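Structure, as structure tokens:
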Amino acid sequence: MRGLVWMKDGGAEYAEVDLGAELTAVGVAIGTDPVPYRLEYTLRTLTGYVTELLSVRVHGVGWHRAIDLRRSLHGTWSCETREEGHLDGPPPGGDMNDLGDALDCDLGMSPLTNSMPILRHGLAVQEGRVDLVTAWVEVPHLRVIRQPQRYAHLGPDRVRYESGGFRTDLTLDDGIVVDYPGLARMTVGEPQSRPSVGPTGA
């Protein structure tokens, strides 16, 4: 289990991440665009980093939204939503029928969920390129939409990410995104070598 912190231009994110053959994480984020909000999430994947559950709670002054987004073993997506108060913009949730070929969720403004396709295909350590579809969760509205994405290996711990007309080069450590230009950069708790243990003196 590792505690990771990303700083953003409009906020910050903290996540406790357990990474093995599967990935589980609980996290909290604050943001300012389009309105100030506080967000909490729980993420759980199956072996191979295929999404099993993304549960998100977000609130601001006078409003609250929540979704439980799930993918079954048979590849069927479902989404339960709740909302209170008023937030300008689309309602939470979306058409799950559009997501039949998606293996991954992608939580908006969170660099952690970009790590799952990279880990599954080993793109931080080996050559390759993959085109895929994600269940993208817009923040803070929690609208869920189908989003095509592409990831391509550039070099050790360097992967190019593209979606629509957007493109950026991600830096990773142990498959986790540590630098997402224009979005977030890890500052505390970065994966690092364990220091050697030796005698100490006064």
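Note that the structure is a prediction, hence the values are computed from the model and not measured.
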### Message
Between Q126 and H153, is the side chain to side chain contact (heavy atoms under 4.5 Å, CB included) condition met? List the steps.
### Response
CA-CA 7 Å; Q126 63 186 15; H153 175 83; 5.7 Å; no

### Task
Run the numbers on T81 and E83 for side chain to side chain contact (heavy atoms under 4.5 Å, CB included), then give the verdict.
CA-CA 7 Å; T81 68; E83 59 179 316; 5.9 Å; no

### Task
For the residue pair T76 and R71, confirm or rule out a side-chain donor-acceptor distance under 3.5 Å.
no

### Summary
When rounded to the nearest 0.5 Å, the distance separating CG of D169 from OH of Y180 is 11.0 Å

### Task
Tell me, yes or no, whether the heavy-atom count around R82 atom CZ, taken from other residues, nucleotides or ligands under 6.0 Å, exceeds 12.
yes

### Query
Transitively linked via ILVMFWY side-chain contacts under 4.5 Å: L23 with W136?
no

### Query
Quick one: CG on L183 to CG on N114, what's the gap to the nearest 0.5 Å?
8.0 Å

### Side-chain donor-acceptor contact under 3.5 Å, T47 with E22
yes

#### Entry: L19 side chain near L119 side chain, heavy-atom distance below 4.5 Å
yes

### Summary
Scanning both residues in full, the closest heavy-atom pair of V58 with W63 reads O-CZ3, 3.7 Å

### Message
According to a hydrophobic-cluster definition based on side-chain heavy atoms being under 4.5 Å apart (Ile, Leu, Val, Met, Phe, Trp, Tyr only), do L154 and V178 belong together?
### Response
no

### Residues E40 and R38 bridged, charged N to O under 4.0 Å
yes

### Query
NE2/H141 to CD1/I67 distance, rounded to the nearest 0.5 angstrom?
13.0 Å

#### Entry: Inter-residue atom distance Q147.CD - L132.CG, 0.5 Å rounding
10.0 Å

## Note on the structure
dist E138:CD -> R143:CZ (nearest 0.5 Å) comes out at 4.5 Å

## Note on the structure
Note: A184 and W6 closest approach over all heavy atoms is CB-CB, 3.9 Å

### Task
Identify whether the distance between the nearest side-chain nitrogen and carboxylate oxygen of K8 and D33 falls below 4.0 Å.
no

### Query
Between V35 and L39, is there a shared hydrophobic cluster once you connect ILVMFWY residues whose side-chain heavy atoms come closer than 4.5 Å?
yes

### Query
Does the side chain to side chain contact (heavy atoms under 4.5 Å, CB included) test come out yes or no for T45 and V50, once each step is laid out?
CA-CA 5 Å; T45 79; V50 175; 5.8 Å; no

### Task
Go through the steps for R57 and S55 under the test side-chain hydrogen bond (donor to acceptor under 3.5 Å, both in side chains), then give the verdict.
CA-CA 7 Å; R57 309 288 182 267; S55 180; 3.0 Å; yes

Solution key, residues 85-111 side-chain donor-acceptor pairs under 3.5 Å, sequence neighbours excluded:
residue, atom, partner, partner atom, Å
H86, NE2, D88, OD1, 2.6
D95, OD1, N97, N, 3.0
D95, OD1, N97, ND2, 3.4
D101, OD1, R146, NH1, 2.7
D101, OD2, R146, NH1, 3.3
D101, OD2, R146, NH2, 3.2
D104, OD1, R120, NH1, 2.9
D104, OD1, R120, NH2, 3.3
D104, OD2, R120, NH2, 2.6
D106, OD1, T113, OG1, 3.0
D106, OD2, Q149, NE2, 2.7
S110, OG, E13, OE1, 3.4
S110, OG, E13, OE2, 2.8
S110, OG, L112, N, 3.4

#### Entry: Linked, directly or transitively: I118 and F166 (ILVMFWY side chains, under 4.5 Å)
yes

### Non-hydrogen atoms of C79 and L69 that approach each other most closely
CB-CD1, 4.0 Å

### More than 12 heavy atoms of other groups within 6.0 Å of D18 CG
yes

### Task
Report the C-alpha separation of L46 and L73 in whole Å, then their side-chain angles, then the decisive distance to 0.1 Å, and conclude whether the side chain to side chain contact (heavy atoms under 4.5 Å, CB included) test is met.
CA-CA 9 Å; L46 302 172; L73 292 174; 3.5 Å; yes

### Message
Ignoring hydrogens, what is the shortest heavy-atom contact between Y41 and L54? Give both atom names and the distance.
### Response
CB-CD1, 4.4 Å

### Query
Got a second to check how far L43's CG is from T51's OG1, nearest 0.5 Å?
6.5 Å

### Message
To check you understand the geometry: which heavy-atom pair defines the closest contact between S163 and P148, and what is its length?
### Response
OG-O, 3.0 Å

### Message
Taking the side chain as everything from C-beta on, heavy atoms only, tell me whether R158 gets closer than 4.5 Å to T171.
### Response
yes

## Note on the structure
For Y161, the ring-ring contact (aromatic ring centres under 6.0 Å, His included) test, sequence neighbours excluded, returns Y151

### Same apolar cluster: V26 and I176, side chain cutoff 4.5 Å
no

